Protein chains: 2
Amino acid sequence: MAGSAPADVPGDGPEPAGGRRRGSGRPSASMADVARLAGVSSQTVSRVSNGYAGVTEETRRQVRAAMKELGYRPNSAARALKRGEFRTIGVITFSLSTTGNVRTLEAIATSAAREGYAVTLLPVAVPTQDEVRGAFSRLEELAVDAVIVIMEVHLLDAATLTLPPHVQVVVVDSDAGDRYTVVDTDQAGGTRAAVRHLLGLGHRTVWHLAGPEGSFAAQRRADAWRAALAGAGRVPPPLVRGDWSAGSGYRAGRELAGHEDCTAVFAANDQMALGLLRALHEHGRRVPRDVSVIGFDDIPESASFLPPLTTVHQDFAEVGRLCVAAVLSKVRREGPDRGTTLVPTRLVVRDSTAAPPGRADGT
Amino acid sequence: MAGSAPADVPGDGPEPAGGRRRGSGRPSASMADVARLAGVSSQTVSRVSNGYAGVTEETRRQVRAAMKELGYRPNSAARALKRGEFRTIGVITFSLSTTGNVRTLEAIATSAAREGYAVTLLPVAVPTQDEVRGAFSRLEELAVDAVIVIMEVHLLDAATLTLPPHVQVVVVDSDAGDRYTVVDTDQAGGTRAAVRHLLGLGHRTVWHLAGPEGSFAAQRRADAWRAALAGAGRVPPPLVRGDWSAGSGYRAGRELAGHEDCTAVFAANDQMALGLLRALHEHGRRVPRDVSVIGFDDIPESASFLPPLTTVHQDFAEVGRLCVAAVLSKVRREGPDRGTTLVPTRLVVRDSTAAPPGRADGT
DNA sequence: CGCGCGGATGTTTACGCAAACATCGATCAC
DNA sequence: GTGATCGATGTTTGCGTAAACATCCGCGCG
C-alpha cells in the first residue's frame, strides 16, 4: 500500500497548468485533473469522492486509481464554499492552565472528531472584556459552524452582540441557561456531598476555601456550601478566598492553620487543596487527624497528595461530549434552543478526611 | 456602538434570494448584497474589506455603513478558495494529559493568533499507529496550511507518507532534526544541571526515575543522566521506570525507599516526583534530609509540594512560540527546511534537595 | 419493432471572493 | 489645447466543488 504512493516525488506527474494552491506551495491536483486522467467527467469524480451511488464499480475503481496517482485531496475551502458549512467547531477558552478546561477541551475535540467535525481553538490570553471581544472578532472571520464557550458568562455578555448570527453557541460554566444552551458540572450536588461527608464524620462545621470572585463555578460552590451548612443548621465560618492556584491555597492555609476551631476545610479545587495541605503541614496541623480537607475536580495527581486527597470527581469527558452533542443538535436544528444540562459528580473518599480530633475521646 | 447594530433581528432586512449559507442557517449577506446597498461594485467592497488603498474616504464610509447594516462577514471559505491558503495551523497531539503538551499548545495558539492564524486541534486518543494514521487522514481533508506535531516521532514515521505534500510540518519532542524541523526543550542541558546540582551537594550518585520507554523526551533525559554521571566518574544505579503519572512515581518510590544507599533521585517529571515524595514519606524517609528529589517541568503546583520541589524549568511558551515561527517561515519559504532548535532550561532550586545524610558528621 | 424507462454519465451553473484588466474623469505638462 | 498620467471605480474571470439539469444507452414491454 505504502509502496505505490509517490510520496516523495509529487512533482512528477502532469501538473495542472494554473492555480498553485498556496502562495508558495506546490500545485495540488483538482477534480478536473483526476477526471482527465481517469477519462471521466469531474462530476463523476465528485460522486466517487462523496461516495454517492450511481457509479459503476468499474468507473469507481478507475477514478480511485487516478486519485491515488495524483495524490488528490478534496479542497475543503471549495467544499465549504459550495456546501455552506465548514464542519468545524470553534472553542473559546481562557488560558489552558486549569485542568478542567483542558480536559473538557480534550473531550470536545475527541467527540467532534467522531462526528466528523474539526475543532478550532480560540485562546483568550487575559480574561478581560477587551480580550474576549478580540477573540470574538477573530471568530467572525473564522470558518466555524458553531462555538463552544468555556468561560464565565459575564465576560461573554459584553461580547455577544458581535457574534455571527448563524453561529450556534454552547456555554460551559455558566448560569445563563435561560439565554444560552449550557452544559456544566453539578457543582451544587458535588458540594453538598462534600459538606455532608464532613458533617457526617462529626465536624461541627466546614470552612470553605473558595475560588476567585469572577468565577461562576466558584460562586456556585460557595453558595452550595453555605446552603448545605444552613440545611444542617450549622453556622458557616467566614469564607476564605483563593484564585484556584496552589500558591493561593498555601496562603489561605497559613491563615486557616491559626484557627484552632477549624477542623474541616472544603477547598473549591484540588490545586488549592494541595497548597492548603502544605500550609497545614508546616504549621504542625496533621491531616486528617487534626484537620480534614476535601478538594474538587479529582485531578489525577490528587491521589498522590500527602495524604491522598478526598475530593469531588468531575466528569469532564462527559461535559465535553455533551457540549458537542448539544452544539451539533443546534446546528442541525434538532435540539432545544436553550436550557442547562448538569453532569453529576461523585465523591471520592481517600485519606484526607476523618473524624474531628476531639471526638475520639469524649463529645 | 452596540445600540445601532441589529443584533437581535437579523432576518428583517432584504434577504438575498438564493444561497442559504448552511443547511439550516440564515442566509448571510454577501459582498454583492453590500455592494448593492452601498451603490458600488462588489470589487470596491472587497477593497474596503481588505483595507486596500484606492478608495475614497467617502466611499469607504458608505461601504462600511452598508456592511454594518447587513451584518456582513467575509466568507472565509470563499476567501480561502480564492487565496489558496487557509491561514490555519493544525496541531496533532496525544491526549492533553501532560502539562507540557498543554502549555505548548496554548503558546502555539496564542502565537498563531498573533500572526493571524487559527489553530485546529487534531487529538489522537490512543498513541497507536492506527490512531495516528487516522488523525493524519482526517488531516488530509482538513483546511490547514501547516502542521505542528507534538508527539514521538517513531509513531509519526509510519503515518508520514499520507501527509499532503504541500503541508509544512514542525515536530516537538523528537530527534529527527535531520528529516523534519524540530523544536524542543534542551533535555540534556536540564538533566545535566540537575545531576550536577545533586553531585555538588555531595551525593555519591543519583538515581533516575525515568519516563516510559516510548518517549523520546524520557529517552534523552535518561541518556543525559547516564552521561552526566559518567562524566563525573560515578556509577549509575539501575534505572527505575515510570509512565509520567504520579501513581507510577509512587510505585517506583516504594521500591526506591527500600534502598538505603539511595540518597538522591532525579525524576523525569514533576508528577512522578510527587508520587515519589509520597512514597518516601510513607516509608519514613524524609525529604530532603534523607533523600533529595529533583523533578522536571516546573509545573505550577510543584512549588506547593511537600516539600516544595527542586526541578528543571521548561519554557513551554517559548517552545510554542518557536514552533509557530518555524512553521510559518516554512510556509513562507523563508526558513531552512530542517534542523533542530533547542530551548534552554533552568534549574529551580527549592526545598527538596540537600546534602546527603552521612555527610554532616563525617566523610 | 418502437417506445419508454431508468441507470450511468456528462454539462452547466453558482457558491463568494479577489486578482487582473478595463474604463472613466480629472489634472498636469508642454 | 492635447495627450499623458493617475487615481477611483467597474467588469470579467476563475478558484474547486457539487447541485441541478441534460444526455445517452440498453433493456423490457406492448
Side-chain angles (χ1 to χ4, degrees), chain A residues 16-23 25 27-36 38-63 66-67 70-87 140-141 143 164 166, chain B residues 16-23 25 27-36 38-63 66-67 70-87 140-141 143 164 166:
Chain A
R20 319 216 131 232
R21 266 281 280 283
R22 62 212 65 254
S28 179
S30 76
M31 275 194 167
D33 302 318
V34 175
R36 211 169 303 131
V40 298
S41 77
S42 65
Q43 184 54 41
T44 298
V45 177
S46 170
R47 283 192 264 257
V48 172
S49 176
N50 290 302
Y52 285 0
V55 180
T56 317
E57 202 46 52
E58 170 61 17
T59 314
R60 195 177 294 270
R61 261 200 327 96
Q62 279 182 323
V63 171
M67 281 179 173
L70 295 177
Y72 168 76
R73 327 262 171 194
N75 179 321
S76 45
R79 210 169 239 195
L81 174 59
K82 187 68 182 141
R83 296 218 253 240
E85 62 171 22
F86 302 97
R87 306 216 123 236
E140 289 171 22
E141 308 232 336
H166 55 269
Chain B
R20 320 217 129 229
R21 267 281 280 284
R22 61 213 65 256
S28 178
S30 76
M31 274 196 166
D33 301 319
V34 175
R36 210 169 305 129
V40 299
S41 77
S42 66
Q43 183 54 39
T44 298
V45 177
S46 171
R47 283 191 266 257
V48 172
S49 175
N50 290 302
Y52 286 179
V55 180
T56 317
E57 202 45 52
E58 170 61 16
T59 313
R60 194 177 295 269
R61 259 199 330 95
Q62 278 182 324
V63 171
M67 281 178 172
L70 294 177
Y72 169 75
R73 327 264 172 193
N75 178 321
S76 46
R79 209 169 240 191
L81 176 58
K82 186 74 179 127
R83 297 218 253 239
E85 62 170 23
F86 301 98
R87 306 215 125 237
E140 288 170 23
E141 307 232 335
H166 55 268

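As the structure is a computational prediction, the values presented were derived from the model and not from experiment. Residue numbers start from 1 in every chain, and the chains themselves are labelled A, B, ... in the order their sequence lines are given, proteins ahead of strands.
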If you only use heavy atoms from C-beta on, which nucleotide in C/dG16, C/dT9, D/dA18 is closest to the side chain of A/R83?
D/dA18
Taking atom C1' of D/dT17 as reference, at what distance in whole Å does atom CD of A/E85 sit?
14 Å
A/F86 CZ - D/dG16 P separation (whole Å)
18 Å
Between the OG1 atom in A/T59 and the CD atom in A/E57, the distance rounded to the nearest 0.5 Å is 9.0 Å
Looking at every non-hydrogen atom in both residues, tell me the closest pair between B/V34 and B/V63 and how far apart they are.
CG1-O, 4.1 Å
Could you give the CG-to-P distance, from B/D33 to C/dC15, as a whole number of Å?
10 Å
Kindly compute the distance separating CG (B/L81) from OG (A/S76), expressed to the nearest 0.5 Å.
10.0 Å
Return no unless some side-chain N or O of A/Y72 is found under 4.0 Å from OP1 or OP2 of D/dT17.
yes
Any chance you could measure B/T56, atom OG1, to B/R61, atom CZ, to the nearest 0.5 Å?
11.0 Å
Is the shortest side-chain N/O distance from A/Y52 to OP1 or OP2 of C/dA8 below 4.0 Å?
no
To the closest 0.5 Å, what do you measure between OG (B/S42) and CZ (B/R47)?
9.5 Å
With axes from five pairs an end, tell me the bend angle of the helix from C/dC1-D/dG30 to C/dC30-D/dG1, nearest 10°.
60°
Mapping B/V55 and A/A32 to their closest nucleotides on DNA chain D, which lands nearer the 5' end?
B/V55
How many Å lie between CZ on B/R36 and P on C/dC17, as a whole number?
12 Å
Do you know which two heavy atoms are closest between A/A143 and A/F86, and how far apart they sit?
CB-CD2, 3.3 Å
Nearest of C/dC17, D/dG16, D/dA18 to any side-chain atom of B/A78?
C/dC17
Expressed in angstrom and rounded to an integer, what is the separation of B/K82 atom NZ from C/dA14 atom P?
18 Å
Please give, in whole Å, the distance from D/dG16 C1' to A/R73 CZ?
16 Å
Winner on side-chain proximity to B/T59, out of D/dT9, C/dG10, C/dG16, is D/dT9
Under-4.0 Å side-chain N/O to phosphate OP1/OP2 contact, B/N75 with C/dC15:
no
Going through the checks in order, is the side-chain contact (heavy atoms from CB on, under 4.5 Å) test met by A/N50 and A/R79?
CA-CA 11 Å; A/N50 290 302; A/R79 210 169 239 195; 3.3 Å; yes
From the options C/dT9, D/dA19, C/dA18, select the nucleotide whose nearest atom is closest to the side chain of A/T56.
C/dT9
Indicate the atoms forming the closest heavy-atom contact of A/A77 with B/A80, along with that distance.
CB-CB, 3.7 Å
Heavy-atom pair of closest approach, residues A/R60 and A/Y52:
NH2-O, 2.9 Å
For DNA chain C, which residues in residues 41-49 of chain B have a heavy atom at a distance below 4.0 Å?
B/Q43, B/S46
B/M31 CE to D/dT11 P, straight-line distance once rounded to whole Å
16 Å
Between atom CD in A/Q62 and atom P in C/dT9, what is the gap in whole Å?
9 Å
Apply side-chain contact (heavy atoms from CB on, under 4.5 Å) to the pair A/M67 and A/S49, showing each step before the final yes or no.
CA-CA 9 Å; A/M67 281 179 173; A/S49 176; 3.8 Å; yes
